[in-house]
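Down below is the structure, laid out as structure tokens.
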Amino acid sequence: MNYKYKKQFRQNLVEWFQNEKRDLPWRKTSDPYKIWVSEVMLQQTRVDTVIPYYNRFLEKYPTLESLAFAPQEELLKMWEGLGYYSRARNLQAGVKEVVEKYNSKVPDNRHDISKLKGVGPYTAGAVLSIAYKKAEHAVDGNVMRVLSRVLHITDDIALPKTRKVFEEAVEMLIDHEQPGDFNQGLMDLGAMICTPTSPKCLLCPVRDYCIAFHEGDADKLPIKTKKTNTKKQHYNVYVAINQNNQYLLEKRPSEGLLADMWQFPMIETKDDINSEEQFSTLYGCKIEKVLENNLLNFKHIFSHLTWEMECSLVKVEQITKEPCNSRFFSKEEIKQIPMPVPMQKILNVLN
DNA sequence: TACGCGTGGTT
DNA sequence: TAACCAAGCGT
């Protein structure tokens with residue numbers, strides 16, 4: 001693309017963004033901390049989903065320090081339902097490092113900010129360009145889709161090495177005067193005009209410079225090969241009540257799926273497994289009575305696996321000491337405890 | 001590099 | 001309805 005076209009492309013894009021941009025809460029601030037929080041929440045997550053979480057989160061944790069010293073349980077409760085819970089832990093670890101190592105100032109260069117937990121190439125570029133007006137690339141799915149069409153880039157965006165191609169493209173095109181608006185312009189264009197299916201090319205401010213528009217194959221780009229395969233797991237879930245009307249919950253391990261979140265005890269059903277016996281043994285309690293065998297049956301679909309859940313309501317008596325990662329909670333106490341969506345589904349039928 | 005990691009919306 | 005998608009990152 002020659003110099004004249006580049007200049008017009010960025011002018012049209014930035015001007016379009018400044019006129020048409022969405023009114024979003026994180027666009028009312030230039031506080032690097034708040035921009036950072038928004039970018040982490042927005043990773044693989046829709047804008048409409050993030051907005052209420054962002055507002056609640058910053059009301060609770062308005063400063064780096066307030067988040068750095070928050071109890072993990074409370075932090076996870078604030079993140080409950082947003083998904084990808086390691087983001088919350090990584091964000092807090094990163095914030096702590098900024099408080100301790102950088103005197104509570106978010107680094108303003110890619111080298112340092114990229115070392116923070118949970119800050120990858122995209123988030124680094126987004127914070128640097130939006131909060132600090134640095135001419136840094138911030139390549140996400142939107143940017144790859146938009147530029148694959150504008151520049152007719154046919155590399156497979158499912159391959160990690162392809163991101164570099166788009167980073168170089170952004171470096172070639174970026175507006176050095178208003179890099180934040182340029183980067184966000186690419187993203188808003190991707191979200192509002194240059195959509196995955198049925199792109200609205202007739203409304204596009206940069207269609208004159210778009211090769212795919214001229215070739216008429218915008219809807220064939222970007223190229224993405226990867227496919228998903230999801231496994232199935234079947235569980236018997238025990239909603240166990242003791243004589244004091246308290247519910248047995250266990251805390252999940254601190255790594256892996258739904259790390260550090262709480263759940264009702266569940267036994268994966270494989271062949272030749274007596275799950276009631278397993279439950280009694282593992283949790284040290286005796287099932288006195290099965291109150292309801294079909295309390296709730298449902299599927300919960302994760303990105304990479306499906307849980308098939310069969311939930312029973314049982315009355316139990318504590319026999320031996322509880323395992324250290326589980327204990328009984330009253331219904332009031334449960335409200336303070338972070339639980340993932342599949343467990344929320346179960347909680348909802350207990351009312 | 002490939003895969004694990006949540007959830008809800010869209011086609 | 002199953003598949004795919006959405007402001008990615010860590011390992």
Side-chain angles (χ1 to χ4, degrees), chain A residues 17 21-22 24-27 35-54 76 79-91 93-94 113-130 137-146 156-164 166-167 170 180 182-192 194-198 219 222 224-233 252-261 263 299-307 338-345:
Chain A
F17 175 73
K21 64 182 174 187
R22 291 170 288 177
L24 302 172
W26 45 89
R27 288 180 175 167
I35 305 291
W36 181 8
V37 170
S38 75
E39 292 301 341
V40 171
M41 287 187 170
L42 285 162
Q43 290 167 10
Q44 299 287 282
T45 310
R46 299 186 119 75
V47 164
D48 289 344
T49 304
V50 166
I51 290 173
Y53 281 90
Y54 173 85
L76 282 175
W79 210 270
E80 182 182 82
L82 197 50
Y84 287 146
Y85 298 98
S86 65
R87 289 183 296 176
R89 179 172 29 200
N90 288 337
L91 175 61
I113 201 173
S114 296
K115 287 183 184 167
L116 301 172
K117 272 275 183 358
V119 177
Y122 164 75
T123 303
V127 174
L128 292 174
S129 63
I130 297 170
H137 57 74
V139 174
D140 71 337
N142 284 311
V143 173
M144 289 199 281
R145 184 173 58 256
V146 170
D156 181 3
I157 67 165
L159 301 176
K161 64 176 180 182
T162 301
R163 204 191 65 241
K164 188 172 166 55
F166 289 93
E167 288 174 350
V170 171
F182 179 88
N183 282 337
Q184 293 181 86
L186 285 179
M187 291 189 275
D188 263 25
L189 193 66
M192 299 159 69
C194 197
T195 45
T197 59
S198 318
D219 57 340
K224 187 176 181 182
T225 59
K226 196 185 299 186
K227 40 199 124 198
T228 59
N229 68 332
T230 63
K231 295 175 181 174
K232 264 186 200 172
Q233 293 176 340
R252 294 179 60 86
S254 58
E255 289 185 350
L257 182 66
L258 304 172
D260 290 324
M261 302 291 279
Q263 65 184 13
K299 282 186 189 177
H300 185 78
I301 302 168
F302 297 95
S303 49
H304 57 298
L305 83 163
T306 299
W307 279 359
M339 299 179 76
V341 166
M343 296 300 142
Q344 299 287 339
K345 292 179 186 171

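The model shown is predicted, which means the values in this text are computed figures rather than measured ones. In what follows, chains carry the letters A, B, and so on, assigned in the order in which the sequence lines appear, proteins first and then strands, with residues in each chain numbered from 1.
Of the two residues contacting DNA chain C, namely A:Asn90 and A:Leu42, the nearest-nucleotide position lying further toward the 5' end is that of A:Leu42.
Using a 4.0 Å heavy-atom distance criterion, A:Leu186 is classed as making no nucleic acid contact. Within the nucleic acid shown, A:Arg22 comes within 4.0 Å of at least one base atom, counting heavy atoms only. Within 4.0 Å of A:Arg252, counting heavy atoms only, lies no atom of the nucleic acid at all. Nucleic acid contact for A:Thr123: sugar-phosphate only, since backbone atoms but no base atoms lie under 4.0 Å from a heavy atom of the residue. If you check every strand for non-hydrogen atoms under 4.0 Å, A:Trp26 touches a base. Within the 4.0 angstrom heavy-atom criterion, only backbone atoms of the sugar-phosphate kind lie near A:Val119; the bases stay farther away.
Spacing of P atoms, B:dG6 relative to C:dT11, comes out at 14 Å, to the nearest Å. Annotation: B:dC5 and C:dA6 have their C1' atoms spaced 14 Å apart (nearest Å). Nucleotides C:dG10 and B:dT1 are separated by 13 Å at their C1' atoms, to the nearest Å.
Taking the side chain as every heavy atom from C-beta outward, A:Leu76 and A:Tyr85 approach each other to under 4.5 Å. At least one side-chain heavy atom of A:Asn183 sits less than 4.5 Å from a side-chain heavy atom of A:Val170.
The distance from atom CD of A:Glu167 to atom P of C:dG8 is 14 Å, rounded to the nearest whole Å. Atom-to-atom, CE of A:Met192 to P of C:dA6 comes out at 15 Å; the value is rounded to the nearest Å. One interatomic measurement links the two molecules: CD of A:Glu39 to C1' of C:dA6, which rounds to 13 Å at whole-angstrom precision. The distance between atom CH2 of A:Trp36 and atom P of C:dG8, rounded to the nearest whole Å, is 18 Å.
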Start with the C-alpha gap between A:Leu82 and A:Arg87, add the side-chain angles, then the distance that decides, and say whether side-chain contact (heavy atoms from CB on, under 4.5 Å) holds. CA-CA 10 Å; A:Leu82 197 50; A:Arg87 289 183 296 176; 3.6 Å; yes
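Side-chain atoms of A:Glu80 come within 3.5 Å of backbone N or O of A:Met339 as a donor-acceptor pair.
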Name the atoms and distances for all side-chain donor-acceptor pairs under 3.5 Å in residues 36-44 of chain A, with sequence neighbours left out.
from    : atom 1 : to       : atom 2 : distance (Å)
A:Ser38 : OG     : A:Ile35  : O      : 2.7
A:Glu39 : OE1    : A:Tyr122 : OH     : 2.6
A:Gln43 : NE2    : A:Thr123 : OG1    : 3.0

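Taking the six-membered ring where the residue is Trp, A:Trp307 and A:His300 present tilted rings, their angle falling between 30° and 60°. Classified by interplanar angle (parallel below 30°, tilted 30° to 60°, perpendicular above 60°), the ring pair A:His304/A:Phe302 is tilted.
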Under 4.0 Å protein heavy-atom contacts per nucleotide of nucleotides 1-9 of chain B, with B for base, S for backbone only and - for none: S--SBBBBS
